[in-house]
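Here the structure is a predicted model, which means the values were calculated and not measured. No hydrogens, no waters, no symmetry mates; every other heavy atom, side chains included, goes into these values.
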Amino acid sequence: LAQVLRLFKTLHRTRQQVFKNDARALEAARIKINEEFKSNKNETSPKKIEELMKVGSDVELLLRTSVIQGIHTDHNTLQLVPRKDLLIENVPYCDVPTQKQ
């Protein structure tokens, strides 16, 4: 039960970071998270709970690492607003990979 509650809180914290300043997305994500947890609140099968926890963790990771906000600046332009934790150094590309020994 404590793990489920921790995941619930983590998803909501991630939602607040990922969709910061976007009231519509914040609300939609809040409703979806709450609906998913509510619809499975009477689940008793440990195997099913484990599967649901895995899905929830995967969703949290996907939101945190893959979602970038975009703001419409005019008719055909979108300004991307990446969070600091998404800005990582690129791994240098190598035309001729070295052979592993």
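- Contact check for Asn34 versus His12: side-chain heavy atoms found under the 4.5 Å cut-off.
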Can you give me every donor-acceptor pair (side chain of residues 1-10, partner residue at least two apart or in another chain, under 3.5 Å) with its distance?
| from | atom 1 | to | atom 2 | distance (Å) |
| --- | --- | --- | --- | --- |
| Thr10 | OG1 | Arg6 | O | 2.8 |

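- Between the side chains of Glu60 and Thr14, at least one donor N or O sits under 3.5 Å from an acceptor N or O.
- Between the CG atom of Leu78 and the CD1 atom of Ile71 there is a distance of 8.5 Å, given to the nearest 0.5 Å.
- Although no hydrogens or angles enter the test, the distance criterion places a donor-acceptor pair under 3.5 Å between the side chain of Asp74 and the main chain of Asn76.
- Using modelled atom types, no side-chain atom of Gln17 and backbone atom of Arg64 make a donor-acceptor pair closer than 3.5 Å.
- Between Leu63 and Arg15 there is no side-chain heavy-atom pair separated by less than 4.5 Å.
- Cluster partners of Leu62: none. The rule joins Ile, Leu, Val, Met, Phe, Trp and Tyr whenever side-chain heavy atoms lie under 4.5 Å apart, and it links nothing here.
- Using a 4.0 Å cut-off between a side-chain N of Lys or Arg and a carboxylate O of Asp or Glu, Glu27 and Arg30 qualify as a salt bridge.
- At a threshold of 4.5 Å between non-hydrogen side-chain atoms, the residues His72 and Thr77 do not count as touching.
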Validation: residues 44-55 side-chain donor-acceptor distances under 3.5 Å, sequence neighbours left out:
| from | atom 1 | to | atom 2 | distance (Å) |
| --- | --- | --- | --- | --- |
| Ser45 | OG | Lys47 | N | 3.4 |
| Ser45 | OG | Lys48 | N | 3.2 |
| Lys54 | NZ | Asp58 | OD1 | 2.8 |
| Lys54 | NZ | Asp58 | OD2 | 3.2 |

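- Taking CG from Asn21 and CD from Gln69, the interatomic distance works out to 6.5 Å, rounded to the nearest 0.5 Å.
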